[in-house]
2 protein chains.
Amino acid sequence: MTIAEVSGKLGISPDTLRYYERIGLIPCVNRNKNGIRDYTEEDCKWVEFIKCMRNAGLPIEVLIEYVSLFQQGDATIEVRKELLIEQRRRLLSRMEDMQKTLERLDYKIERYKQCEPK
Amino acid sequence: MTIAEVSGKLGISPDTLRYYERIGLIPCVNRNKNGIRDYTEEDCKWVEFIKCMRNAGLPIEVLIEYVSLFQQGDATIEVRKELLIEQRRRLLSRMEDMQKTLERLDYKIERYKQCEPK
DNA sequence: CTAGCACTTAGAGTTAACTCAAAGTCAAGT
DNA sequence: ACTTGACTTTGAGTTAACTCTAAGTGCTAG
């Protein structure tokens with residue numbers, strides 16, 4: 001798969017895909033004889049995983065660490081698990097904040113609706 | 001209330017409080033005869049509201065718009081309501097993304113736990 | 001053969017949201 | 001009177017995460 005195809009499929013710009021690879025956020029992608037990236041299914045899955053995690057606000061720094069640990073093999077399984085658990089904890093906490101804000105917005109919107117019952 | 005007190009009470013640095021005021025994210029705070037900020041209860045409520053919205057990821061730009069509309073009086077009630085509804089929609093959508101990510105993390109963590117049953 | 005296009009790199013530029021620094025004012029304590 | 005310390009302003013600096021630019025390479029169509 002070319003970079004343009006991956007970009008289209010996952011909705012991430014080629015610039016961002018190259019950037020992610022450069023900083024180690026996704027493992028290096030193989031190239032054809034002309035030095036052009038050729039994404040495997042495996043590569044796509046990584047990109048998709050990263051996209052999902054970034055969407056939820058996990059910091060790039062942490063994800064780089066995770067990828068790096070992954071590449072170091074089975075010895076890092078425990079650390080990786082702890083990393084994920086910690087990130088899960090933070091994610092949940094952010095979601096709770098957002099839930100509170102959502103309720104507050106609902107309350108405010110309701111009050112605005114009562115203001116102008118058309 | 002002094003800026004230091006508000007800062008302590010709401011966990012926002014004085015620098016940030018001044019910054020918020022400068023860019024119009026909170027209405028101007030009154031000063032005493034020496035030009036030093038003296039926050040009213042009303043001011044605190046604004047700061048707290050902004051803090052809550054920022055926590056949930058609402059962009060500063062949008063919140064400035066909201067405050068500005070608020071200061072223009074009752075004529076903007078409808079617009080303000082629409083603004084809040086739109087932000088609510090976005091917030092909910094982000095929360096749904098995060099929910100998916102949370103589930104994905106749970107799945108991965110579960111798999112890691114099976115890897116090393118101690 | 002050459003014009004165009006899609007890719008490559010390294011590095012510079014952008015945006016949002018703070019955060020800090022420098023220079024100044026004022027009231028209170030010694 | 002002088003120093004200390006909390007406040008003030010303006011404007012510059014920082015950080016995260018892209019995003020763009022310039023210069024270069026190499027296949028493909030005319």
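A, B, ... follow the sequence lines: proteins, then strands. Residue 1 opens every chain. Model, not experiment: these values are computed from the prediction.
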TODO: Can you sort out the partners of B/Y19 under side chain to side chain contact (heavy atoms under 4.5 Å, CB included), two or more places apart, ordered by chain and number?
DONE: B/R22, B/I23, B/I60

Open item on the list: Check this for me: does any side-chain nitrogen of one of B/K81 and B/E78 sit under 4.0 Å from a carboxylate oxygen of the other?
Closed with: yes

Task: Integer-rounded Å distance: C/dC26 P and B/R31 CZ - done: 14 Å

TODO: Using a 4.0 Å heavy-atom cut-off, write out nucleotides 12-28 of chain D from 5' to 3' as B (base contacted by protein), S (sugar-phosphate only) or - (no contact).
DONE: -----BBBB-----SS-

TODO: May I have all residue pairs that pass ring pair (Phe, Tyr, Trp, His ring centres under 6.0 Å) and include part of residues 78-99 of chain B, sequence neighbours excluded?
DONE: none

Task: Atom-to-atom span, CG of B/L17 to P of C/dT19 - whole angstrom - done: 11 Å

TODO: Mind checking B/R37 for me? I need base, sugar-phosphate or nothing, with any heavy atom below 4.0 Å counting as a touch.
DONE: sugar-phosphate

TODO: Starting at atom CE of A/M1, determine the distance to atom C1' of C/dA6, rounded to an integer number of angstrom.
DONE: 17 Å

Task: Residue pairs involving residues 20-39 of chain B (criterion ring pair (Phe, Tyr, Trp, His ring centres under 6.0 Å); sequence neighbours excluded) - done: none

TODO: Compute the angle between the rotation axes at the two ends of the helix from C/dC1-D/dG30 to C/dT30-D/dA1, each taken over five pairs, rounded to 10 degrees.
DONE: 20°

Open item on the list: I need the CD-P distance between B/E21 and D/dT10, as an integer number of Å.
Closed with: 11 Å

Task: With sequence neighbours excluded, residues passing salt bridge (Lys or Arg N to Asp or Glu O under 4.0 Å) with B/E5 - done: none

Open item on the list: For residues 51-97 of chain B, which residue pairs pass the ring pair (Phe, Tyr, Trp, His ring centres under 6.0 Å) check, not counting sequence neighbours?
Closed with: B/W46-B/F70, B/F49-B/Y66

Task: Partners passing salt bridge (Lys or Arg N to Asp or Glu O under 4.0 Å) against B/R80 (at least two apart in sequence or in another chain) - done: none

Open item on the list: Among residues at least two apart in sequence or on other chains, which ones pass side chain to side chain contact (heavy atoms under 4.5 Å, CB included) with B/N30?
Closed with: none

- [ ] Calculate the interatomic distance between A/R18 atom CZ and C/dT8 atom C1'; express it in whole Å.
- [x] 7 Å

